[in-house]
2 protein chains.
Amino acid sequence: MVTARPVQSQSGKETARYAEMFAALGSAARLSVLRALLRAHPGGMVVGEIQGEVGVAGSTLSHHLEKLRVEELITVERESTFLRYRANTVVLEELLGFLLAECCQGSRAVEAKGLIQICQE
Amino acid sequence: MVTARPVQSQSGKETARYAEMFAALGSAARLSVLRALLRAHPGGMVVGEIQGEVGVAGSTLSHHLEKLRVEELITVERESTFLRYRANTVVLEELLGFLLAECCQGSRAVEAKGLIQICQE
DNA sequence: TCTGTATTTCTATTATTTTAGAAGTATGGT
DNA sequence: ACCATACTTCTAAAATAATAGAAATACAGA
């Protein structure tokens, strides 16, 4: 018996993918991890350093890092005993691009002027 | 007896607020609602129209709309028997501004060039 | 006032997420 | 081989979110 594979539109897959990314940013703990990694970019931070910023049990932090990593918002690299995490700027740019396009293209719901200035400060 | 109010840093409050907003975007159903409202901007859509886009039970949709509304990503207005929802472009711009600032300011993790172009297309 | 349409709230169930202690794995130094 | 440090996975509990049928509310029109 062949189980029917649920078909999904292109925009449906796209939406689902970005929704997952937003969900990854949708916890104060994870968002503050990402903020810290962005400030520390491109050097990144090892877990101990990150833990200092977030103040949560090690095992909990590990789960949060895993979620961010699965969504490819961050990368890991072993450095002897340490694990060094970094913001994944390629994917972040993709996410920003998606949100900008949705808001500023087509019906131009959001005015781009002020946003562009933020980048140039 | 006066219960101590838990103190939180400014950046902590900011992080928490934006995390909630990202969480609101962190479901495929809600993100597709917002995309539809952005496409339909500034006209907005009534619930029945939105339901056509998302394909979910009315009561479920109502909860999703409530979450988006509480986070101020959308607004509602009654129009006789209908409720017309619209993307809240002010708050969306705030959210975009936050993400852009985090990514493109300071360590300049993300290059602004390509993003600016998206707005100008 | 009665009826129909639009939408929300109530109620309940199931699924996912968050949390963290305890135990395990990885690595480097002695 | 052993130890210490860094971090993850295991296990489990509690909290939150998602889902939707059924009942309730809001409004307009006859």
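Residue numbering restarts at 1 for every chain, and letters A, B, ... go by the order of the sequence lines. Heavy-atom basis, side chains included; hydrogens, waters and symmetry copies ignored. Quantities reported herein were computed from a predicted structural model and do not represent experimental measurements.
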Should [X] be listed as having a side-chain N or O under 4.0 Å from OP1 or OP2 of [N]?
{"X": "B:T81", "N": "D:dC27", "value": "no"}
{"X": "B:S59", "N": "D:dA20", "value": "no"}
{"X": "B:Y85", "N": "C:dA6", "value": "no"}
{"X": "A:T60", "N": "C:dA20", "value": "yes"}

Pair A:T15, B:R35: side-chain N/O donor-acceptor within cut-off below 3.5 Å
yes
Over all strands shown, is B:G58 touching base, sugar-phosphate only, or nothing at heavy-atom distances under 4.0 angstrom?
base
Under 4.0 Å between any heavy atoms, over every strand shown, what does A:R30 touch: base, sugar-phosphate, or nothing? Just pick one.
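Since only primed, P, OP1 and OP2 atoms lie under 4.0 Å of A:R30, the category is sugar-phosphate.
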In whole angstroms, how far is the [atom2] atom of [N] from the [atom1] atom of [X]?
{"X": "B:L68", "N": "D:dA17", "atom1": "CG", "atom2": "P", "result": "13 Å"}
{"X": "B:L65", "N": "D:dT19", "atom1": "CG", "atom2": "P", "result": "13 Å"}
{"X": "A:L61", "N": "C:dT19", "atom1": "CG", "atom2": "P", "result": "11 Å"}
{"X": "A:I50", "N": "D:dC7", "atom1": "CD1", "atom2": "P", "result": "8 Å"}
{"X": "A:E66", "N": "C:dT17", "atom1": "CD", "atom2": "P", "result": "13 Å"}
{"X": "B:E79", "N": "D:dA28", "atom1": "CD", "atom2": "P", "result": "11 Å"}
{"X": "B:Q51", "N": "C:dT5", "atom1": "CD", "atom2": "P", "result": "15 Å"}
{"X": "B:K67", "N": "D:dT16", "atom1": "NZ", "atom2": "P", "result": "11 Å"}

Tell me which of B:R78 and A:A57 sits closer to the 5' end of DNA chain C, going by the nucleotide each one is nearest to.
B:R78
Tell me which of A:H63 and A:S80 sits closer to the 5' end of DNA chain C, going by the nucleotide each one is nearest to.
A:H63
Would B:E66 and B:R30 pass as an ion pair if we require N to O under 4.0 Å?
no
Salt bridge check, B:E79 against B:R84: does any charged N sit closer than 4.0 Å to a carboxylate O?
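So B:R84 pairs with B:E79 through a salt bridge.
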Nearest to the side chain of B:H64, which nucleotide is it out of C:dT7, D:dC7, D:dT19?
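Closest nucleotide among those given: D:dT19.
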Kindly determine whether B:Q105 and A:I118 satisfy side chain to side chain contact (heavy atoms under 4.5 Å, CB included), including the steps that lead there.
CA-CA 8 Å; B:Q105 285 180 348; A:I118 287 172; 3.8 Å; yes
Determine the interplanar angle of the A:F98 and A:F22 rings, folded into 0 to 90°, and report it as parallel if under 30°, tilted if 30 to 60°, perpendicular if over 60°.
tilted
